[in-house]
Amino acid sequence: MKKLLLIVLITFLPLSSNAESNLDKILSAGVLKVGTTGDWDPMTMKDPATNKYKGFDIDVMNELAKDMGVKVEFVPAEWKTIVSGITSARYDISTSVTKTPKRAEVAGFTDTYYKYGTVPLVLKKNLKKFSTWDSLNSSNVTIATTLGTSQEEKAKEFFPKSKLNSIEAPARDFQEVLAGRADGNITSSTEANKLVIKYPQLAIVPDGEKNPAFLAMMVPKGDDKWNNYINGWIKKKKSSGFFTKLLDKYNLKSL
Ligand code: KH2
């Protein structure tokens with residue numbers, strides 16, 4: 001019996017105590033791998049001409065890598081698999097995503113540095129018919145969402161009576177509204193404000209923002225050493241004014 005216990009201890013103890021933190025792995029490899037979708041203005045945008053990423057989160061990651069003294073490598077990710085990229089260690093960290101309970105079941109979240117509200121978008125010519133959130137919750141209404149996003153989850157809560165049409169990135173929910181295949185979609189107020197300028201046919205339902213949501217980066221769940229390191233870095237960068245400056249650069253409101 002004692003022998004069995006010893007074998008069990010020898011087999012399992014070193015595993016748990018030696019489990020390498022991402023922090024050590026990144027520092028010894030000299031590379032920080034960052035999962036990002038490249039389709040979220042102004043957070044992460046891939047320039048098709050150069051294949052380079054730019055945006056608020058890209059600046060954050062470049063700064064983090066610089067401060068860690070390592071190179072940054074952006075790993076292409078998709079919304080529907082962005083969480084599995086963390087759980088299967090395809091990258092060490094993701095650019096920011098909305099903190100949701102579902103994601104938090106399997107992934108770790110860093111501290112947050114940006115909050116946004118959600119608004120519905122409809123065609124301007126339908127604004128009379130759809131002037132409130134409630135008017136979009138009906139069995140005659142189709143709401144477009146993007147597969148794997150927090151908006152897809154929230155749309156089910158906000159519009160239980162409506163038909164939900166979930167489409168896959170790089171196609172976008174608002175394009176369904178523009179094409180008349182859906183009556184509305186929901187997105188961050190930040191994106192909505194930009195979209196109504198780019199597409200004057202679109203309008204924001206003037207019924208106010210809902211669902212205050214927080215953005216944070218995802219890291220592997222349980223890697224406290226790595227998670228705490230990032231949180232310490234965020235804290236330091238907040239007090240040095242780095243985040244305020246960057247939010248300003250991209251016209252984002254601070255927390
Ligand atoms: S979330 C990000 O973390 N968005 O909230 C969603 O799921 C981002 C709206 C579709 C562009 C493609 C950006 C999803």
Side-chain angles (χ1 to χ4, degrees), residues 34-48 53-58 60-61 74-87 90-91 93-122 143-159 164-179 181-182 184-199 202 204-205 209-219 221 250-253 255:
V34 180
T36 196
T37 60
D39 66 354
W40 194 8
D41 184 5
M43 306 321 262
T44 165
M45 297 169 279
K46 192 172 185 177
D47 183 343
Y53 292 95
K54 56 181 186 177
F56 178 90
D57 281 337
I58 305 302
V60 171
M61 289 303 166
F74 291 105
V75 181
E78 291 169 29
W79 288 109
K80 63 172 183 178
T81 53
I82 194 152
V83 177
S84 67
I86 286 288
T87 55
R90 276 204 304 280
Y91 30 81
I93 191 165
S94 73
T95 50
S96 60
V97 302
T98 307
K99 273 186 164 181
T100 65
K102 196 173 155 206
R103 287 171 174 160
E105 278 173 20
V106 290
F109 276 106
T110 66
D111 285 347
T112 186
Y113 44 77
Y114 184 62
K115 177 176 112 178
Y116 70 89
T118 300
V119 291
L121 280 174
V122 296
I143 302 290
T145 62
T146 309
L147 201 65
T149 62
S150 70
Q151 289 77 22
E152 186 191 24
E153 279 178 60
K154 277 289 157 186
K156 290 180 197 155
E157 270 175 45
F158 288 136
F159 313 112
L164 297 188
N165 177 13
S166 206
I167 57 151
E168 265 197 61
R172 282 299 314 275
D173 43 7
F174 68 83
Q175 290 163 336
E176 297 298 292
V177 180
L178 279 172
R181 286 190 293 268
N185 74 299
I186 53 172
T187 187
S188 69
S189 45
T190 319
E191 184 180 49
N193 288 328
K194 289 191 170 196
L195 285 175
V196 294
I197 295 172
K198 195 162 170 199
Y199 304 100
L202 290 178
I204 296 174
V205 171
E209 294 182 4
K210 279 197 183 183
N211 181 36
F214 294 90
L215 291 189
M217 305 174 261
M218 280 188 295
V219 290
K221 201 175 170 70
Y250 289 95
N251 273 321
L252 297 166
K253 281 177 287 182
L255 270 185

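These numbers come from the heavy atoms of this one structure, side chains and all, not from hydrogens, waters or symmetry mates. Every number for a ligand or one of its atoms is a count from 1 in the order of the listing.
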Distance-minimising heavy-atom pair for Tyr91 and Ile82: OH-O, 2.7 Å

With a 4.0 Å cut-off on heavy atoms, does Met45 reach ligand 1? no

List ligand 1 atoms under 4.0 Å from Gln151, heavy atoms only on the residue side. 5 (O), 6 (C), 7 (O), 9 (C)

For atom 7 (O) of ligand 1, the closest protein heavy atom turns out to be Ser150 N, 2.8 Å

Where does the angle between the aromatic ring planes of Tyr250 and Phe56 fall among parallel (under 30°), tilted (30 to 60°) and perpendicular (over 60°)? perpendicular

In terms of heavy-atom contacts, Trp79 and Leu147 come closest through CB-O, 3.8 Å

Mind checking whether Trp40 has an N or O less than 3.5 Å away from an N or O of ligand 1? no

What I want to know is whether Arg172 and ligand 1 share at least one N or O pair that is separated by under 3.5 angstrom. no

Does atom NZ of Lys54 have more than 12 heavy-atom neighbours from other groups under 6.0 Å away? no

Looking only at non-hydrogen atoms, find the nearest pair between Tyr113 and Ser96 and report the distance. OH-CB, 3.5 Å

I need the nearest protein heavy-atom contact for atom 14 (C) of ligand 1: residue, atom name and distance, please. Thr149 CG2, 3.4 Å

Please determine if Arg103 has a nitrogen or oxygen closer than 3.5 Å to a nitrogen or oxygen of ligand 1. yes

Which protein non-hydrogen atom lies closest to atom 1 (S) of ligand 1, naming both residue and atom, and how far is it? Thr98 OG1, 3.4 Å

Below 30° counts as parallel, above 60° as perpendicular, anything between as tilted: where do the rings of Tyr116 and Trp40 land? perpendicular

Report yes or no: does Tyr116 have a heavy atom closer than 4.0 Å to ligand 1? yes

Closest non-hydrogen atom pair between Ser150 and Thr100, with its separation: CB-CG2, 3.7 Å

Please could you name the atoms of ligand 1 that Thr146 approaches to less than 4.0 Å, counting only its heavy atoms? 10 (C)

Which is it for Asp39 and ligand 1 at heavy atoms under 4.0 Å: side chain, backbone, both or neither? both

